[in-house]
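The structure appears right after this line, and notes come after that.
Values reported hereafter were calculated over all heavy atoms of this structure, with side chains retained and with hydrogens, waters and symmetry mates removed. Here is the naming used below: chain letters follow the sequence lines, and residue numbers restart at 1 for every chain.
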Number of protein chains: 2
Amino acid sequence: MKRRTTINDIAKELNITAATVSRALSNHPEISAKTKKTVQEAAKRLDYTQNQIASSLRSGKTHVIGVMIPTAEHPFFGSVIHGISNLASKNGYAVLIYQSNESYDYEVQGIKTFIGARVDGIIASLSKETSDYTHFLDAKKRNIPIVFFDRVNDDLGIPCVVIDDYQGAYFATEHLIKQGYRRIGHISGPQYIKAFNERLKGYVSALQANQIPFDPALVYQGNISIEAGKAGTRHLLSLESAPDAIFTVEDFTALGVLKELKEQSITVPGQFGLFGFSNELFSAHTSPALTTIDQQTVPMGEESFTLLHTMMETGRTDTMKIILDPIPIIRESALPKH
Amino acid sequence: MKRRTTINDIAKELNITAATVSRALSNHPEISAKTKKTVQEAAKRLDYTQNQIASSLRSGKTHVIGVMIPTAEHPFFGSVIHGISNLASKNGYAVLIYQSNESYDYEVQGIKTFIGARVDGIIASLSKETSDYTHFLDAKKRNIPIVFFDRVNDDLGIPCVVIDDYQGAYFATEHLIKQGYRRIGHISGPQYIKAFNERLKGYVSALQANQIPFDPALVYQGNISIEAGKAGTRHLLSLESAPDAIFTVEDFTALGVLKELKEQSITVPGQFGLFGFSNELFSAHTSPALTTIDQQTVPMGEESFTLLHTMMETGRTDTMKIILDPIPIIRESALPKH
DNA sequence: CTGAAAGCGCTTACAG
DNA sequence: CTGAAAGCGCTTACAG
């Protein structure tokens with residue numbers, strides 16, 4: 001096991017000091033072009049790579065950011081990471097990943113890991129279990145900039161990036177109305193998750209703005225799953241005045257609706273309209289293809305990094321909130337009623 | 001900006017030396033229980049977290065591994081990362097992520113980043129562009145253990161984890177035969193990718209083992225896309241003696257086949273059989289649902305980490321290869337012919 | 001059981 | 001333009 005070459009090796013080789021080598025390699029303005037050249041050549045010849053660990057210890061900057069996600073198994077988070085990681089690389093930052101697996105304890109553990117690793121900043125999406133935020137406040141107290149995305153908390157003075165769930169739901173509901181559907185049901189998700197609550201609000205507002213009275217009986221409380229979509233559909237169709245369209249809180253639920261309607265031989269679209277939310281990978285490939293709302297996952301990651309980057313470089317700590325537009329993806333399931 | 005507390009602060013507070021604090025915190029056997037207790041209390045009181053950077057510089061171990069993937073946007077890699085990251089956390093390792101974005105240059109850049117960060121080991125899946133491997137050999141020369149997964153190279157003496165593509169394809173083809181299909185076509189992918197070549201071989205072997213002569217005319221060369229599935233289907237159906245079943249190299253291709261057959265009003269299954277490969281997230285939700293081969297993504301990540309872990313802890317360098325079983329997922333698209 | 005001392009590989013304020 | 005020196009926060013061989 002050969003020892004790796006250091007700036008001291010290069011210094012010895014060239015009969016100069018390590019300080020000069022260090023400055024030459026970091027392109028310090030006061031070093032002569034000639035010295036830079038010989039140092040760079042020697043570095044190459046001796047197969048030198050800078051030890052970031054030593055550099056970090058001395059400079060106090062690691063150029064590493066920590067990214068906390070519920071799980072890398074969900075394509076949504078993979079996609080956000082894609083956005084974060086590409087911009088991070090481009091700006092000279094490495095990305096440390098930690099999964100909470102939707103567990104509060106793991107999330108706390110992950111933040112501890114980030115603090116121990118002396119990351120320069122943290123980007124995080126909260127676990128479902130999290131309702132105590134001291135671990136984040138702890139990181140904040142240590143002057144580590146934090147940005148939340150998607151699953152955020154507004155009360156901590158922590159900047160965040162989200163999409164406008166209210167507007168997305170409003171658009172979806174109004175779109176169904178414009179396509180000629182008149183009684184529009186909603187299959188919702190757990191209301192303690194803010195995004196789902198916002199979507200419910202957008203649904204209600206769109207109805208009222210279009211002179212359709214809001215009927216609470218048309219809202220089914222699901223748990224974001226195919227099964228919830230099926231059960232919700234069965235329930236809504238059993239009502240005395242059943243809906244002729246459904247807006248679902250997300251696409252797995254919409255998929256369940258689609259399956260149930262197929263079993264009941266109800267035609268989508270035309271006879272019945274369906275609008276989902278989240279634009280999952282399967283949504284383009286159901287039949288009929290799902291009309292839904294895209295959540296801008298890659299831009300969400302990019303905006304999160306950009307925000308964090310600003311905070312890391314400038315030391316700004318004011319609370320910024322970036323709200324991305326929801327993007328309607330018009331496919332087949334909400335084509336006009338006939 | 002308060003300075004973070006160090007072992008020196010604790011030492012001063014307790015009138016002992018930093019060495020003792022360090023030993024107490026790392027639970028050194030020769031330190032008295034009493035000292036350990038007071039140190040731990042002081043550490044808690046002063047809100048101490050160990051500086052891993054300093055520890056790494058001194059000990060030469062970072063307890064960080066680097067994971068190189070083509071892109072986090074593909075759920076396959078997200079899922080593998082899930083497996084890697086969970087085991088890594090459990091074993092006290094942090095995970096640094098780098099995306100090659102299928103580019104050779106970025107891949108080289110990523111390995112440089114890993115070397116600079118002094119990672120203790122590397123797990124990687126090759127970019128499509130990569131045919132020169134000096135960057136990996138360079139890392140290996142620096143005694144950084146490496147494990148390849150899925151997109152591997154067998155000629156470098158680098159351990160790897162893959163699934164048995166040959167066996168998976170063999171199973172798929174034979175399954176179609178057992179279900180009563182007789183002329184089985186194959187829509188393949190680029191042959192320079194080893195996995196795709198293996199799947200072709202498995203297909204051929206299964207035919208021959210079942211006394212069905214291999215007809216090269218029934219193999220369509222695609223590029224793993226929905227469009228390739230459609231085009232391949234059109235081509236195969238135009239043949240004088242068209243197939244009554246297709247085995248596709250992966251599920252997007254299978255989805256294309258499904259769409260084309262639907263357009264031509266050919267019934268799947270029964271009239272026509274279809275077997276995919278890779279078990280994408282959408283595959284359970286097409287109609288009919290796709291029968292396919294699961295690639296064991298999470299176990300692949302876990303096995304990769306376990307292998308790397310062994311190498312990091314024991315210094316073993318012999319070339320190990322782990323071949324995971326392909327898991328048949330029997331759904332609807334390959335139900336018996338009638 | 002604990003201390004004194006050296007050193008991991010850098011960076012940077014100070015000096016010339 | 002370059003050098004000498006100190007120090008980032010730990011760990012560990014050596015000594016007692």
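Each of C/dG9, C/dT2, D/dC1 was ranked by its minimum atom distance to the side chain of A/N51; first place goes to C/dG9. Taking every side-chain heavy atom of A/E30 into account, D/dT2 is the closest of C/dT12, D/dC10, D/dT2. Checked against D/dC10, C/dG9, C/dC10, the side chain of A/L57 finds its nearest nucleotide in C/dG9. For A/I31, taking side-chain heavy atoms from C-beta onward, the closest of the listed nucleotides D/dC10, D/dT2, D/dG7 is D/dT2. Side-chain proximity of B/A19 to the nucleotides D/dA6, C/dA6, C/dA5 is greatest for C/dA5. In the set C/dC10, C/dA4, D/dC1, the nucleotide with an atom closest to the side chain of A/S32 is D/dC1. When distances run from any side-chain atom of A/T20 to the nucleotides D/dA4, D/dT2, C/dC10, the shortest one goes to D/dT2.
No engagement by B/Q52 is indicated, since no non-hydrogen atom pair under 4.0 Å with the nucleic acid exists. Backbone-only engagement by A/I16 is indicated by non-hydrogen atom pairs under 4.0 Å involving sugar-phosphate atoms exclusively. Across all strands shown, B/S22 has heavy atoms under 4.0 Å from base atoms, whether or not it also approaches the sugar-phosphate. Using a 4.0 Å heavy-atom criterion, one finds that B/S55 contacts the sugar-phosphate atoms exclusively. Residue contacts for B/S56: at a heavy-atom cut-off of 4.0 Å it reaches no nucleic acid atom on any strand shown.
Residues B/K90 and B/E302 are not paired through a salt bridge, judged by the lack of any N-O separation under 4.0 Å between the basic side chain and the carboxylate. Remark: A/K12 does not engage A/D9 in a salt bridge, criterion side-chain N to carboxylate O under 4.0 Å. The pair A/D165-A/K194 fails the salt-bridge criterion, with no side-chain N (NZ, NE, NH1 or NH2) lying under 4.0 Å from an Asp/Glu carboxylate O.
No side-chain heavy atom of B/H309 sits less than 4.5 Å from a side-chain heavy atom of B/I65.
Under the Watson-Crick or G-U wobble criterion, with both distances below 3.5 Å, D/dG16 is paired with C/dC1.
Where A/N8 and B/P29 each meet DNA chain C at their nearest nucleotide, the meeting point lying more 5' is that of B/P29.
The environment of OH in B/Y106 is sparse: at most 12 heavy-atom neighbours from other residues, nucleotides or ligands sit within 6.0 Å.
Contact check, B/T6 against D/dG9: no side-chain N or O comes under 4.0 Å of OP1 or OP2. Distances shown here put every side-chain N or O of B/S59 at or beyond 4.0 Å from the OP1 or OP2 atom of D/dT11.
Counting distance only, with no hydrogens placed and no angle test, the side-chain atoms of B/R23 and the base atoms of C/dG3 include a donor-acceptor pair under 3.5 Å.
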